Amino acid sequence: MFVTVEHHISNADKFWAAAEKELSNLPYNLKLHLCTPSKDEKTAYCIWEADSVKSLKNWLEGISSDFSQNEYHEINEEMAIGLPKTSAGTQSAA
């Protein structure tokens, strides 16, 4: 499944430092496809591939909740335009 996350970042320096550090060690069930930070780096929209919203949220909140309020939304893949094909490692069991 694909999930969009909207980040409202309160401390850009700490948020982006944590992101840079943690993205090289992603769990097998998560894949970041796109991250679009605003010019001031206080907001970002990301598209993730995950086995569930819950697993993404559990991992991401652990590294970013001190610096960002995050909103998670499962993407309607049937209506989406431009999504990549699903990776085998993040396929849901459904």
Side-chain angles (χ1 to χ4, degrees):
M1 84 170 33
F2 290 94
V3 180
T4 184
V5 181
E6 181 177 350
H7 302 280
H8 301 280
I9 303 164
S10 58
N11 186 323
D13 290 339
K14 288 184 178 181
F15 177 87
W16 294 110
E20 184 176 343
K21 177 184 173 198
E22 296 297 330
L23 285 175
S24 62
N25 297 310
L26 284 177
Y28 75 94
N29 59 330
L30 303 177
K31 182 177 181 180
L32 178 63
H33 285 278
L34 180 69
C35 180
T36 59
S38 60
K39 203 77 154 145
D40 65 4
E41 299 179 356
K42 297 285 187 176
T43 306
Y45 299 91
C46 298
I47 295 179
W48 288 86
E49 191 174 342
D51 57 345
S52 70
V53 173
K54 183 178 179 179
S55 66
L56 174 60
K57 185 174 183 177
N58 287 342
W59 180 79
L60 199 51
E61 292 298 314
I63 64 167
S64 69
S65 64
D66 288 344
F67 333 113
S68 177
Q69 292 184 341
N70 307 310
E71 295 180 35
Y72 300 81
H73 304 280
E74 183 177 350
I75 293 174
N76 181 337
E77 294 180 42
E78 291 178 12
M79 294 186 69
I81 299 169
L83 285 180
K85 292 184 180 184
T86 304
S87 299
T90 57
Q91 294 256 357
S92 65

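Keep in mind that what you see is a predicted model, and the values were worked out from it rather than measured.
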Exercise for the section: For A80, enumerate each residue passing the side-chain contact (heavy atoms from CB on, under 4.5 Å) test, keeping only those at least two apart in sequence or located in another chain. Expected result: I75, L83
Problem - Under the side-chain contact (heavy atoms from CB on, under 4.5 Å) test, residues paired with I63 that sit two or more places apart - result: E22, W59, L60
Practice task
May I have all residue pairs that pass side-chain hydrogen bond (donor to acceptor under 3.5 Å, both in side chains) and include part of residues 7-17, sequence neighbours excluded?
Solution key: E6-H8, H7-N70, H8-E71
Problem - Residue pair L26 / L30: nearest heavy atoms and the distance that separates them - result: CD1-O, 3.9 Å
Problem - S38 backbone acceptor or donor facing T43 side chain under 3.5 Å - result: no
Exercise for the section: Please round to the nearest 0.5 Å and tell me the distance separating atom CD of E74 and atom OG1 of T4. Expected result: 12.0 Å
Exercise for the section: Not counting sequence neighbours, which residues clear side chain to side chain donor-acceptor pair (under 3.5 Å) with Q69? List them please. Expected result: none
Fill in the blank from the handout: Separation between CE (M1) and CG (N76), nearest 0.5 Å, reads 11.5 Å
Practice task
Go through the structure and list residues passing side-chain contact (heavy atoms from CB on, under 4.5 Å) with S24, not counting sequence neighbours.
Solution key: none
Exercise for the section: Look at the side-chain heavy atoms of Ile, Leu, Val, Met, Phe, Trp and Tyr, link any pair under 4.5 Å apart, and say whether F2 and L34 land in one connected group. Expected result: yes
Handout entry: Sequence-distant partners of K54, side-chain contact (heavy atoms from CB on, under 4.5 Å), two or more places apart
Key = S52, N58
Problem - Distance in Å, W48 CH2 paired with K31 NZ, rounded so as to fall on 0.5 Å steps - result: 11.5 Å
